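To start, the structure under review is shown below, and the notes come after it.
Side chains are part of it too, since the values below use all heavy atoms of this structure and drop only hydrogens, waters and symmetry mates. Because the structure is predicted, anything quoted here is derived from the model rather than measured. Residues take their numbers from the sequence shown, with the count starting at 1.
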Amino acid sequence: MSNKKKVSKKALLLSTAFFFLLITIVVLSNFLNEDEYFLQIYLPYKSSVYFETPIEPNQIFYHEYIHSVERSPVREYFKIDQHYNMIATESWTKSFGAGLPYEQKDELEMKDGFIVIKQERLIEYLNMLPSDLFPHVFNIDGQTVDLSAELNGERIRIQVIKK
């Protein structure tokens, strides 16, 4: 076998080994650098995070408050979809009035004295201004933040972020 053929076989073998090494590095770096997603209570006017927890697809959270005009409880449920988007899923209310859902929806049911309105819609983020005048809480996986007591008068944004 000539030296030229030996060199080209060695070069081919080395380039093939390099290619597989490069593929292995790319796959491992993608595996090790997988993005993590978090649900945050963010304070936009202070540019700070008040609360943060890791999230996974199909996780559910809600916020619950007493409506200031109707003086009735309202609970709004959200879920995280497979693309880590927030999806509004249900609104629970005991009355209709200013700022409460009132249009006829396809899926209405009564449950525990509440009118449950089911309608899925994409939500980029939730802006709120909690007040200590009426109870307002946020809940995810048994973790509760008392928004009315802890964040009275603070503008907040509930959002999903990727790190």
Side-chain angles (χ1 to χ4, degrees), residues 24-163:
T24 302
I25 290 170
V26 168
V27 168
L28 282 175
S29 71
N30 284 339
F31 177 74
L32 295 174
N33 292 327
E34 190 173 311
D35 294 326
E36 288 186 277
Y37 290 82
F38 295 84
L39 188 66
Q40 289 184 338
I41 297 176
Y42 180 71
L43 307 175
Y45 290 158
K46 293 183 176 179
S47 298
S48 65
V49 175
Y50 181 79
F51 172 87
E52 179 176 271
T53 188
I55 54 168
E56 296 294 329
N58 299 316
Q59 231 171 330
I60 295 172
F61 65 95
Y62 66 87
H63 74 104
E64 182 174 22
Y65 59 95
I66 300 296
H67 191 274
S68 61
V69 175
E70 294 295 315
R71 309 263 198 242
S72 65
V74 176
R75 183 181 282 186
E76 295 180 316
Y77 284 91
F78 303 84
K79 73 176 178 183
I80 304 300
D81 74 6
Q82 68 274 13
H83 302 292
Y84 293 91
N85 296 310
M86 281 192 305
I87 307 294
T89 60
E90 295 180 352
S91 291
W92 291 45
T93 182
K94 289 192 174 194
S95 65
F96 296 105
L100 292 173
Y102 62 89
E103 295 178 359
Q104 179 66 31
K105 304 292 182 195
D106 291 339
E107 290 192 56
L108 288 176
E109 70 178 81
M110 292 296 294
K111 188 186 270 186
D112 298 330
F114 283 88
I115 302 160
V116 179
I117 302 165
K118 295 181 179 187
Q119 182 185 34
E120 291 196 358
R121 57 189 162 80
L122 179 69
I123 303 290
E124 186 176 349
Y125 52 81
L126 296 168
N127 284 331
M128 297 178 200
L129 181 61
S131 166
D132 63 0
L133 298 174
F134 298 99
H136 192 166
V137 296
F138 168 84
N139 187 291
I140 183 167
D141 290 338
Q143 299 177 76
T144 300
V145 177
D146 186 341
L147 300 173
S148 53
E150 299 173 31
L151 295 168
N152 174 43
E154 290 283 347
R155 294 194 184 275
I156 67 169
R157 174 173 290 165
I158 297 174
Q159 63 187 10
V160 173
I161 60 113
K162 176 174 68 170
K163 288 187 179 181

task = State, to 0.1 Å, how close Q159 and M86 come at their nearest heavy-atom pair, and which atoms those are.
result = CA-CE, 4.3 Å
inquiry  = Strictly distance-based, threshold 3.5 Å: is any side-chain N or O of D81 a donor or acceptor partner for the main-chain N or O of N85?
reply    = yes
L151 side chain near L43 side chain, heavy-atom distance below 4.5 Å = yes
note = What one should report as the nearest heavy-atom pair of I156 and P130 is CD1-CG, 4.0 Å
ask   = Between M128 and Y65, is any pair of side-chain heavy atoms under 4.5 Å apart?
value = no
ask   = Taking the six-membered ring for Trp, are H136 and H63 parallel (under 30°), tilted (30 to 60°) or perpendicular (over 60°)?
value = tilted
query = Does the S91 side chain pair with the main chain of I117, one donor and one acceptor, at a distance under 3.5 Å?
reply = no
Heavy-atom check, side chain of V145 versus side chain of V137, under 4.5 Å = no
key: Cationic tip of R157 above Y125 ring, under 6.0 Å, 45° of axis   = yes
message = If I compare all heavy atoms of L126 with all of F78, which pair ends up nearest, and what's the gap?
response = CD1-CZ, 3.6 Å
For M110 against I115, the heavy-atom pair lying closest together = SD-CG1, 3.6 Å
task = Compare all side-chain heavy atoms of N58 with those of I80 and state whether any distance is below 4.5 angstrom.
result = no
request  = Report the C-alpha distance between I87 and R121 in whole Å, list the side-chain angles of each, state the deciding distance to 0.1 Å, and finish with yes or no for side chain to side chain contact (heavy atoms under 4.5 Å, CB included).
outcome  = CA-CA 5 Å; I87 307 294; R121 57 189 162 80; over 6 Å; no
key: Sub-6.0 Å ring centroid separation between F61 and F138   = yes
query = About how many Å separate CZ of R155 and NZ of K46, when rounded to the nearest 0.5 Å?
reply = 13.0 Å
Step-by-step side chain to side chain contact (heavy atoms under 4.5 Å, CB included) determination, W92 to K111 = CA-CA 9 Å; W92 291 45; K111 188 186 270 186; 3.2 Å; yes
request  = Go through L147 and I41 one step at a time and tell me if the side chain to side chain contact (heavy atoms under 4.5 Å, CB included) criterion holds.
outcome  = CA-CA 10 Å; L147 300 173; I41 297 176; 3.9 Å; yes
task = With the side chain counted from C-beta on, respond yes when I140 and I55 share a heavy-atom pair under 4.5 Å apart, and no when they do not.
result = yes
task = Taking the side chain as every heavy atom from C-beta outward, state whether Y42 and S47 have any pair of such atoms under 4.5 Å apart.
result = yes
ask   = Any side-chain heavy-atom pair from P57 and Y84 closer than 4.5 angstrom?
value = yes
ask   = Got a second to check how far T144's OG1 is from F51's CZ, nearest 0.5 Å?
value = 8.5 Å
query = Under the 3.5 angstrom rule, does the side chain of N152 hit a backbone N or O of D132 as a donor-acceptor pair?
reply = yes
inquiry  = Any donor-acceptor pair under 3.5 Å linking the side-chain atoms of D146 with those of S148?
reply    = yes
query = Could you state the interatomic distance from CG (D35) to NZ (K163), rounded to the nearest 0.5 Å?
reply = 12.0 Å
task = With rounding to the nearest 0.5 Å, note down the distance linking CD1 in I161 to CD in Q40.
result = 4.0 Å
message = Any donor-acceptor pair under 3.5 Å linking the side-chain atoms of D141 with those of Q59?
response = yes
inquiry  = Hydrogens and angles aside, do Y50 and E154 bring a side-chain donor and acceptor to less than 3.5 Å of each other?
reply    = no
